[in-house]
Protein chains: 2
Amino acid sequence: MYILWILDTNGAMRFGELRRQVDGISPKVLTQRLRMLEEIGIVYRHYKPTVPPQVSYELTERGKELSKPLYNLCDLASRWYSDEIPPASQY
Amino acid sequence: MYILWILDTNGAMRFGELRRQVDGISPKVLTQRLRMLEEIGIVYRHYKPTVPPQVSYELTERGKELSKPLYNLCDLASRWYSDEIPPASQY
DNA sequence: TAAAGTAGTTACCTTTTAGTAACTTCATAA
DNA sequence: TTATGAAGTTACTAAAAGGTAACTACTTTA
């Protein structure tokens, strides 16, 4: 399951929760991806300086603008997949 | 410039022409990508058994279905880029 | 006779990306 | 006093992806 999908579906999430739901990548890569997404303004990182720390991630307005285009691609892939041809989204 | 973009814009193209227009990847990787795209039904490969051989590539109907969603993503990235934030399409 | 052309293929090397496991800080709980 | 917790960081290793350069076949051109 993809990071942007999960954040779009669930709203703001703690790192640990994201980590449990995102599969296919290690926590280290998840952190790297989230930092990249933050850098390009697609994701907010909210840091609460507690101990242990509480960090949550949430889509920015810009990130939300991706929902529709990405949903359209997913829809297309689903229609193709139901025709039993491997979806482009594998690539 | 991306393979799907070029094929969408120009219609069927010979390998050599594609090779000149696609930048950022080697001919070897271009061939690999085209073969993958052919495998998943996004691109037709037309082989003419002349010497030297003439091979052209063209988007299938399915490949054309990608135009709109990808155009929408590009449009979004352009709007973001004009706001001077690095576009997500870098990733 | 040699060179040119097309569209690759292949072996080897380089670069990039990812995974693993140990580690970090410090308040709180046991 | 020790363990726990979150959210990473880091060094090292492994895997994946990409680039390079030599090569292929055979007709046509010079």
Side-chain angles (χ1 to χ4, degrees), chain A residues 1-60 63 66 70 77 86-91, chain B residues 1-60 63 66 70 77 86-91:
Chain A
M1 200 54 157
Y2 303 103
I3 296 170
L4 295 181
W5 223 255
I6 292 164
L7 289 179
D8 193 46
T9 305
N10 300 108
M13 293 183 74
R14 297 281 299 277
F15 180 83
E17 191 53 38
L18 257 179
R19 174 177 176 162
R20 281 186 283 282
Q21 295 218 18
V22 170
D23 55 10
I25 57 174
S26 69
K28 172 204 173 186
V29 172
L30 176 58
T31 299
Q32 277 182 328
R33 299 288 171 77
L34 288 167
R35 293 302 192 134
M36 283 174 172
L37 290 167
E38 187 195 3
E39 271 170 30
I40 60 176
I42 286 183
V43 147
Y44 289 121
R45 177 174 182 268
H46 306 298
Y47 172 74
K48 208 173 179 184
T50 54
V51 172
Q54 283 181 27
V55 184
S56 62
Y57 292 92
E58 177 178 26
L59 288 180
T60 59
L66 278 171
L70 292 184
S89 57
Q90 271 183 306
Y91 294 107
Chain B
M1 202 50 162
Y2 301 103
I3 296 171
L4 295 180
W5 223 254
I6 291 165
L7 289 178
D8 192 47
T9 304
N10 299 107
M13 291 182 76
R14 298 280 300 276
F15 180 84
E17 192 51 40
L18 258 179
R19 174 176 177 162
R20 280 185 284 282
Q21 296 220 17
V22 169
D23 54 11
I25 58 173
S26 70
K28 173 204 171 186
V29 170
L30 176 59
T31 300
Q32 278 182 329
R33 298 286 172 77
L34 287 167
R35 292 307 190 127
M36 283 175 173
L37 290 167
E38 186 195 5
E39 271 169 30
I40 60 177
I42 285 183
V43 147
Y44 288 120
R45 177 175 182 267
H46 306 298
Y47 172 75
K48 208 170 177 184
T50 54
V51 174
Q54 284 182 27
V55 184
S56 64
Y57 292 92
E58 177 179 24
L59 288 181
T60 58
L66 279 171
L70 292 184
S89 57
Q90 272 183 305
Y91 295 107

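The sequence lines fix the lettering, A, B, ..., with proteins before strands; numbering per chain opens at 1. These numbers were taken from a predicted model, which means no experiment stands behind them.
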Quick one: are [X] and [Y] in side-chain contact, heavy atoms under 4.5 Å?
X	Y	value
A/Leu4	A/Ile42	yes
A/Leu18	A/Leu34	yes
A/Leu59	A/Leu37	no

Partners passing side-chain hydrogen bond (donor to acceptor under 3.5 Å, both in side chains) against [X] (at least two apart in sequence or in another chain):
X	result
B/Arg45	B/Tyr57
A/Asp8	A/Ser67
B/Arg20	B/Glu17

Item checked: Nucleotide range of DNA chain C lying under 4.0 Å from chain A heavy atoms -> C/dA18 to C/dA27
Notebook entry, point to check: With sequence neighbours left out, which residue pairs that include part of residues 22-34 of chain B fulfil the side-chain hydrogen bond (donor to acceptor under 3.5 Å, both in side chains) condition?
Noted result: none
Pairwise distance [atom1]([X]) to [atom2]([Y]) - rounded to 0.5 angstrom:
X	Y	atom1	atom2	value
B/Ile25	B/Tyr2	CD1	OH	10.5 Å
B/Ser56	B/Arg14	OG	CZ	7.5 Å
B/Glu38	B/Thr60	CD	OG1	10.5 Å
B/Trp5	B/Leu66	CH2	CG	10.0 Å

Next item on the list: Please list, in 5' to 3' order, the outermost nucleotides of DNA chain D lying under 4.0 Å from any heavy atom of chain A.
Entry: D/dG5 to D/dA11
Next item on the list: Mind listing the residues from residues 48-60 of chain A sitting with a heavy atom below 4.0 Å of DNA chain C? Number order is fine.
Entry: A/Val51
Note to self: Contact list please: residues 14-27 of chain A against DNA chain C, heavy atoms, distance less than 4.0 Å, in numerical order.
What the structure shows: A/Gly24, A/Ile25, A/Ser26
Checklist line | For the student: nearest non-hydrogen atoms of A/Ile6 and A/Met13, plus distance | finding: CG2-SD, 3.4 Å
Checklist line | Closest approach of B/Tyr47 to B/Pro53 (non-hydrogen atoms, all atoms of both residues) | finding: CE1-CB, 3.9 Å
Checklist line | Difference in axis direction between the ends of the helix from C/dT1-D/dA30 to C/dA30-D/dT1, five pairs, 10° | finding: 30°
Note to self: By the ring-ring contact (aromatic ring centres under 6.0 Å, His included) test, which pairs, at least two apart or in different chains, include something from residues 20-45 of chain B?
What the structure shows: B/Tyr44-B/His46
Next item on the list: Tell me which of A/Lys28 and B/Leu34 sits closer to the 5' end of DNA chain C, going by the nucleotide each one is nearest to.
Entry: B/Leu34
